[in-house]
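Report on the following structure.
Below, chains carry the letters A, B, ... as their sequence lines are ordered, and counting in each starts from 1. Heavy-atom basis, side chains included; hydrogens, waters and symmetry copies ignored.
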There are 2 protein chains.
Amino acid sequence: MKKATIKDVAQLAKVSISTVSNALNGVNVVKPQTKARILSAAHQLNYSPNLMGKQLRSGQTNMIGVFTDSVAGPYFYQLIETISQAAAAKNYGLSVTLANNHTALMNSLLGNTCDGAIIFDHRVDDRDLEHLAGQEIPAVMLDRPVSGDHLSSIVFDSFNESYLATQYLLQLGHQRIGYLAGYDNNRDNHERFTGFQRAILSAGLSLEDMVVLKGLFEEQAAYDAVKTYLATETAQPVTAFLAGNDLSAIGAIKAIQAAGHQVPKDYSVIGFDDIEIASYFDPTLTTIRNPIAKQGQLAVTELIRLLTTKQWGQQQVLPGDLKIRASTGKR
Amino acid sequence: MKKATIKDVAQLAKVSISTVSNALNGVNVVKPQTKARILSAAHQLNYSPNLMGKQLRSGQTNMIGVFTDSVAGPYFYQLIETISQAAAAKNYGLSVTLANNHTALMNSLLGNTCDGAIIFDHRVDDRDLEHLAGQEIPAVMLDRPVSGDHLSSIVFDSFNESYLATQYLLQLGHQRIGYLAGYDNNRDNHERFTGFQRAILSAGLSLEDMVVLKGLFEEQAAYDAVKTYLATETAQPVTAFLAGNDLSAIGAIKAIQAAGHQVPKDYSVIGFDDIEIASYFDPTLTTIRNPIAKQGQLAVTELIRLLTTKQWGQQQVLPGDLKIRASTGKR
DNA sequence: ATCCTAAATAAAAACGTTTTTATAATTATC
DNA sequence: GATAATTATAAAAACGTTTTTATTTAGGAT
């Protein structure tokens, strides 16, 4: 049995398709008796409306689209989980699109498959955003601050978080700190690094005394970098590491332990993100926790605001907080 | 500027919409010169096709839909990540739909928004599956074995995995084992429990000597259950726990440690799933690892087979393997 | 030039809906 | 018991595409 259309229902109920549409969509003009007949026919045929037809005609999808290049890692599922709940509360469906390449991404973004988009995808550049805005598709960016018509962003205050984390290490008495950098072109990495530098300078210390290693946001890369560093004897070695994220912090700790030292006795280590592992790892990881849930909720609220009021978008910057655990201690 | 349609492109290029369609979709009948004109017009107008129109007319979406009630937890993102890659390799887009209630779910599933579905959602019951099959929407189920027309399933061999895990504990010399049960209505829980029971009986032991606690697949619940159990002095206490999943295993270990005992010296603990935390936890967790990546790949392959050959579906059961780490030891 | 064929383009139909407009049926008013 | 007003239903248009069918144009052969 092929999928039944509204025509089939109309035929079976001996009625026109417009009446079926009205009956099914609760437009209160159809006689109870006919409505019952239609409902029964629809049920009998297992009818469910074709969403393409529906959305094409009505011009709206009642869907929020999340566009991302990867769902890997705890950050994403926490984020998506809250977005899902917030969207449901506002009676929007949620569809997460994982596009493999840039054209597929833009086609799906510009293809009117959702009323508005939440974007966490580094492949979307400024020109793409212009297209979006030009076609009046409201979007909320989560990976970098933007603003413009139909465009908002909700990002974390990476600079300040890093500044505070560095201050905390300095306060514990660490004078020489190693920074485990992430990807070069990454906004968070850049912000965190400048936050780190600013805190050092504000404390009257010299950047010359600090060490920058390549952690690349990965456990293995961080492990290798720290291992190599520890192997080269220095007159005045670093006593703490500020890692670009939790994974590289874990890599650093493993390298430190592998070299026969202890955390936090010999070296303090601090990460970013507060991923799930952070509180299960031994030692539990001091880290900066981002308000992921809040970001997700705000993204939905803001998108719906753009959708309904058609106002100019806005930037929002969320502060994170330092979660002190067992991987940091006094020098 | 409103979104440009194929009509606008046609008008600007001084050509009919069918020619535009042909030019844009690479149908090789349009003169190079006109094609260039059309492409230029499309570019100039920032044209991108409306997918609803496209899909409505062509009757296919080139999309695989993943339907689930939750993306929480490492299992899902690993699964979705592999599904995404497998789909991309076969030139299918991926759309993950998180529906909040049953009607929304079924509407979206039956709404022709994708060519085929991969379903991981306990809310989809047998009647729903009949509807699906009746409307010729191919689907692959991941949370329980089914078969039928247009329907396949790829599940883990929970029974056997549990049987092997229990055998391993017995082999280590544990004669009394506690089972930390999950949700009552959960298939995995049921399979795992019967696997456990069968292994006990096969070894000639009595189920009377075993203890069943409610772990509910959660860390906290497991913690509480084990804490309570340990507090009640028994003549012949359990020396090992088989937990329904890794989270409850971790809860159990924490409770054991909190009561002043050691793992694996005093109690061995074994989990299921091999979540990310399992190898970071202290002690690292012995667990049964499911081939999640394989499940994802197979799901896509099988769905595409259903899609293209229109054959009767099939069941597939994947074996997991025991990952021995530090949370288990000889009695 | 005339006709034929092939190539290129255009026109029209179709997909499944909702929405707008038109018609039919019922009820109310006098 | 006719007409107006209201209510219920039907018909037609529209959404943006692709696809099928029709028409025009160009190029050869006669």
A/P49 or B/R37, whichever maps to the more 5' nucleotide of DNA chain C: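 The residue mapped nearer the 5' terminus is B/R37.
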message: Quick check: on DNA chain C, is the nucleotide nearest B/V30 upstream (toward 5') of the one nearest A/Y47, or the reverse? Name the residue that is more 5'.
response: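 The residue whose closest nucleotide sits nearer the 5' end is B/V30.
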Whole-Å distance between [N] [atom2] and [X] [atom1]?
X      : N      : atom1 : atom2 : answer
B/K14  : C/dA8  : NZ    : C1'   : 19 Å
A/N50  : D/dT17 : CG    : C1'   : 13 Å
B/N22  : C/dA7  : CG    : P     : 15 Å
B/I6   : D/dC15 : CD1   : P     : 14 Å
A/I38  : D/dA8  : CD1   : C1'   : 11 Å
B/D8   : D/dG16 : CG    : C1'   : 11 Å
A/L110 : D/dG16 : CG    : C1'   : 15 Å
A/K7   : D/dA11 : NZ    : C1'   : 13 Å

query: Does any N or O donor sit under 3.5 Å from an N or O acceptor when you compare the side chain of A/R57 with the base of C/dT18?
result: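 Per atom types, the contact qualifies.
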- prompt: So does B/S16 reach the base of C/dA11 with its side chain, donor to acceptor, closer than 3.5 Å?
  reply: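 A donor-acceptor contact between them is absent.
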Presence of [X] side-chain N/O under 4.0 Å of [N] phosphate oxygens OP1/OP2:
X     : N      : value
B/S18 : C/dT9  : no
A/T34 : D/dT9  : yes
A/K54 : C/dT18 : yes

message: Assess, by modelled atom type and distance only, whether the side chains of B/S95 and A/T97 contain a donor and an acceptor separated by less than 3.5 Å.
response: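 Checked: B/S95/A/T97 side chains show no N/O donor-acceptor pair below 3.5 Å.
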Would you mind classifying the nucleic acid contact of [X] as base, sugar-phosphate or nothing, using non-hydrogen atoms under 4.0 angstrom?
X     : value
A/T5  : sugar-phosphate
B/L51 : nothing
A/N25 : sugar-phosphate

A/K31 vs A/I17, nearer the 5' end of DNA chain D by closest nucleotide: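 Its nucleotide being nearer the 5' end, the pick is A/K31.
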Position toward the 5' end of DNA chain D (nearest nucleotide), B/L56 or B/V27: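 Here B/L56 is the residue nearer the 5' end.
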message: Could you check whether any side-chain N or O of A/S152 sits under 3.5 Å from a backbone N or O of A/Q314, counting only pairs where one atom can act as donor and the other as acceptor?
response: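 Yes, because the side chain of A/S152 sits within donor-acceptor range (under 3.5 Å) of the backbone of A/Q314.
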Looking at [Y] and [X], is any side-chain nitrogen of the basic one under 4.0 Å from a carboxylate oxygen of the acidic one?
X      : Y      : value
B/R144 : B/D126 : yes
A/R305 : A/E302 : yes
B/R127 : B/D125 : no

task: Among C/dT18, D/dA10, D/dT18, find the nucleotide with the atom closest to the side chain of A/V15.
output: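 Nearest listed nucleotide: D/dA10.
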A/Q11 atom CD, neighbour heavy-atom count above 12 within 6.0 Å: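 No, not enclosed.
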